[in-house]
Structures are given as C-alpha cells and as structure tokens.
Amino acid sequence: FSFWQQGGDRMNWRMSTVLLLWPMVASTIAADELLSAGQFTHEAARVLLVKEPHFEVTEVRPLEIQYQEPGKSGTPQHMYLDNAYKEYQAQPDQLKQILAAHVRGVEVAASMPACTSGSVLPSLKNREFVEGTRQLVAKLHAENPNSPAAQKPAPFPITEPLVGDLFVTYVIDTPDATLAMTAEKLAQCGVEQAALPKLAADNLRAKARDFSVVAIPQLPGISGVSGDRYYETALLVLDDYWDKTRFPFKGDIVVAVPARGMLLVTDSADQGAVDRLSGVAHKLYANQAYNLSPDLFIRRDGAWVMIRN
C-alpha cells in the first residue's frame with residue numbers, strides 16, 4: 001500500500017490573496033451545478049483509466065477509488081478524494097487541473113521514484129490524519145493476508161508528535177507528489193531513523209531560503225509566510241527560523257497553521273491581531289482542503305505551546 005499526496009503546482013503565492021478570496025471562490029458556479037461526490041469520483045476514475053488504461057479501477061464508494069495493475073501481486077491501491085473534492089467545491093472551474101494533479105500522484109507512486117537524501121522533507125499532519133492513516137493501513141493489511149506485502153510489517157508512515165494535535169511526518173518529495181516515509185522506504189534511502197529529523201530539517205532549511213514573510217494589509221498585525229504552497233507549515237520544526245531578527249515583535253511569536261501551505265504569524269503583544277488570527281484560523285480550517293488545526297501556537301522557551309482558543 002502506497003501513500004502519496006498530491007503536490008500540485010509549486011508556484012509562489014501571496015497569502016493575502018488566499019485570505020481575501022477563500023469565502024468567495026465557489027460563488028462563480030451555483031451549488032446545484034456542482035458535481036456530486038459520486039459524480040466527482042466517477043470522473044476521477046475515468047481520468048485515471050485514460051491515463052492508465054491497463055489498470056483495474058473500481059469505484060468503492062463516493063470519494064474512494066481502488067486500482068491495481070493486472071497481474072501484479074500485492075495489496076490494491078486506494079485513491080481517496082476527500083481533499084480533492086473540497087478543492088473542487090472551492091474552485092469548480094479547476095476540475096480538470098485538480099483531477100490531473102491527483103492522477104499524477106498515482107503515477108508517481110506507481111513509478112517508485114528513487115529516494116535520495118536531498119528529497120527527504122518534514123511535513124505537518126494532524127491527529128485525525130495520523131490515526132486515520134494507521135487504521136487504514138491496518139485494515140488493508142488485514143484484508144489481504146496472503147499478499148506478499150502482508151508478510152511484512154504494516155507500512156505505517158513515520159510520525160512524531162509536535163504540539164497539540166499536530167504531528168511531524170516525513171516524505172519523499174517529487175515535483176508532482178510526495179510519498180509518505182515508512183521504515184521500509186527509509187531503509188531504501190540509506191538513512192538511519194535517528195538521523196531522519198536532522199536530515200529533513202536541513203533540507204527544509206535550504207528550501208526555506210526562497211520563502212518570505214509578507215504583511216497582510218487586510219489583516220492588520222498579521223503576516224504570512226509565502227513559499228511553495230506546501231512546506232510553509234513545516235517551518236514549525238526549525239527552531240532557528242523563529243528568532244527576533246526575522247520577527248521583531250514586542251511579545252512572543254504566535255502562529256496559526258489552519259491548512260497545508262498556510263502559515264500565519266502575529267505578535268502576542270497585539271491582542272487585537274491575536275483575536276483576528278484566531279478567527280481567520282477557524283474559518284480557514286473549516287473551509288480549506290488539507291486542513292491542519294484551528295488553534296494558535298505561541299513560541300516560549302524555544303518550543304511551541306498551544307493556546308486554547
């Protein structure tokens with residue numbers, strides 16, 4: 001069983017644009033004109049078959065597709081479309097692009113890209129994702145007891161708790177998708193698990209040289225980290241990123257990571273900005289695909305502490 005996540009187009013962006021547009025992006029097409037979850041799943045299966053006509057593809061239920069290459073032993077692969085469908089609901093005119101990006105992820109997983117030390121990066125996930133993934137892996141493992149894969153330990157992604165309901169996972173990064181790091185894949189990379197956090201952090205630090213902190217005029221006192229729309233939130237693992245030189249605040253650094261690629265920052269000394277950030281984080285968490293957390297986190301004594309809000 002392979003875990004992959006759609007990487008999407010890694011273009012730079014402006015956080016302010018996302019925050020201004022997110023409540024309105026679905027307004028261009030009436031709700032009754034949108035594809036249902038079942039119709040969306042059927043279209044995704046059609047696109048997958050066009051791209052991989054030799055695959056055996058089954059629509060298991062709305063937003064879940066099972067596929068397998070004929071004659072290939074092992075556990076069937078599953079494509080889960082929950083986040084893709086949420087993206088489509090927000091941007092229905094991007095249907096073709098959204099489905100194409102997710103099918104590219106299938107191609108990446110099927111090709112088993114080579115793992116190099118430079119392709120290993122950290123990625124943030126929430127407790128719901130981590131626990132759901134473990135349950136899914138265990139279920140698929142148990143459902144195929146005679147497959148070669150079932151003779152090995154279940155391929156759980158490597159995860160570590162960070163703060164609150166946030167966890168650090170590790171991925172093999174490719175231009176089109178990311179593959180979740182398991183113990184087996186880590187061995188293929190030639191990396192010891194004890195060395196994994198530092199290696200991933202060093203690679204993220206190099207990538208973050210191209211990231212920038214941008215003020216959001218429409219949200220006074222709040223800035224966003226602008227990068228590649230994927231790894232911004234993982235910056236929480238880099239202790240040296242969160243210094244007073246980059247964030248010259250009177251108080252402590254307060255952040256929100258409502259969804260993948262969304263890292264918002266403010267000053268704890270500005271209570272109005274903290275309240276605004278809390279409201280924005282809750283709204284984005286409720287409406288964005290790949291959501292992470294509605295909570296705020298404050299930097300104290302070199303560590304993150306969750307603020308109950």
Side-chain angles (χ1 to χ4, degrees), residues 1-11 25-26 28-29 31-115 129 132-133 135-150 154-155 157 171-180 182 184-185 229-230 260 289-290:
F1 185 82
S2 296
F3 284 97
W4 60 269
Q5 297 151 359
Q6 171 247 334
D9 296 322
R10 302 291 178 81
M11 64 185 76
V25 290
T28 56
I29 296 180
D32 59 0
E33 296 178 13
L34 292 173
L35 297 179
S36 67
Q39 291 170 326
F40 184 84
T41 306
H42 185 71
E43 184 64 13
R46 185 192 66 79
V47 172
L48 178 57
L49 278 171
V50 168
K51 197 69 176 177
E52 302 287 351
H54 59 295
F55 275 12
E56 295 174 349
V57 177
T58 304
E59 296 174 36
V60 179
R61 59 180 62 87
L63 304 182
E64 180 181 352
I65 292 172
Q66 177 180 292
Y67 62 94
Q68 188 168 25
E69 191 171 346
K72 190 172 184 179
S73 61
T75 305
Q77 307 297 299
H78 287 246
M79 179 194 292
Y80 295 91
L81 298 164
D82 304 71
N83 283 309
Y85 188 57
K86 187 175 282 191
E87 287 181 303
Y88 161 70
Q89 289 176 306
Q91 297 178 305
D93 58 329
Q94 297 294 307
L95 173 63
K96 290 182 179 179
Q97 293 88 332
I98 291 168
L99 291 178
H102 280 262
V103 169
R104 280 201 302 273
V106 171
E107 293 180 282
V108 170
S111 67
M112 295 299 291
C115 173
F129 175 90
T133 297
Q135 292 171 8
L136 176 63
V137 171
K139 174 176 177 288
L140 294 174
H141 210 61
E143 286 177 350
N144 297 272
N146 298 320
S147 71
V171 298
I172 301 171
D173 185 67
T174 78
D176 293 317
T178 60
L179 293 172
T182 63
E184 184 176 8
K185 286 191 175 72
R229 292 190 67 183
Y230 197 97
R260 187 180 75 185
Y290 305 100

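The shortest heavy-atom contact between Ala44 and Ile65 is CB-CD1, 3.8 Å. Closest non-hydrogen pair, Ala45 versus Glu59, comes out as CB-OE2, 3.7 Å.
For the 3.5 Å distance criterion, the side chains of Tyr85 and Thr41 fail to qualify, holding no donor opposite an acceptor.
A heavy-atom distance below 4.5 Å is not found between the side chains of Leu179 and Val171. Two residues are said to be in side-chain contact when any heavy atoms from C-beta on lie closer than 4.5 Å; Tyr88 and Leu81 fail this criterion. Residues Tyr67 and Leu48 meet the side-chain proximity criterion, which asks for heavy atoms closer than 4.5 Å. Looking at Asp93 and Gln91, their side chains come closer than 4.5 Å, going by heavy atoms from C-beta outward. Proximity of Lys96 to Glu43: side-chain heavy atoms (C-beta onward) are nowhere separated by under 4.5 Å.
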Problem set entry | Intermediate values then yes/no, side chain to side chain contact (heavy atoms under 4.5 Å, CB included), His102 and Glu87 | CA-CA 11 Å; His102 280 262; Glu87 287 181 303; 3.5 Å; yes
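Distance CD/Gln94 to CG/Leu99: 11.0 Å, rounded to 0.5 Å. Separation of atoms OH (Tyr290) and NZ (Lys86) is listed at 11.0 Å; rounding is to 0.5 Å. Here Glu64 contributes atom CD and Thr58 contributes atom OG1; the two are 10.5 Å apart, rounded to the nearest 0.5 Å. To the nearest 0.5 Å, the span separating CD on Gln66 from CZ on Phe55 amounts to 12.5 Å. Note: Gln135 CD to Thr133 OG1 = 9.0 Å, rounded to the nearest 0.5 Å. With values rounded to the nearest 0.5 angstrom, Gln77 atom CD is found 7.5 Å from Gln68 atom CD.
Side-chain atoms of Asp173 do not come within 3.5 Å of backbone N or O of Thr178 as any donor-acceptor pair.
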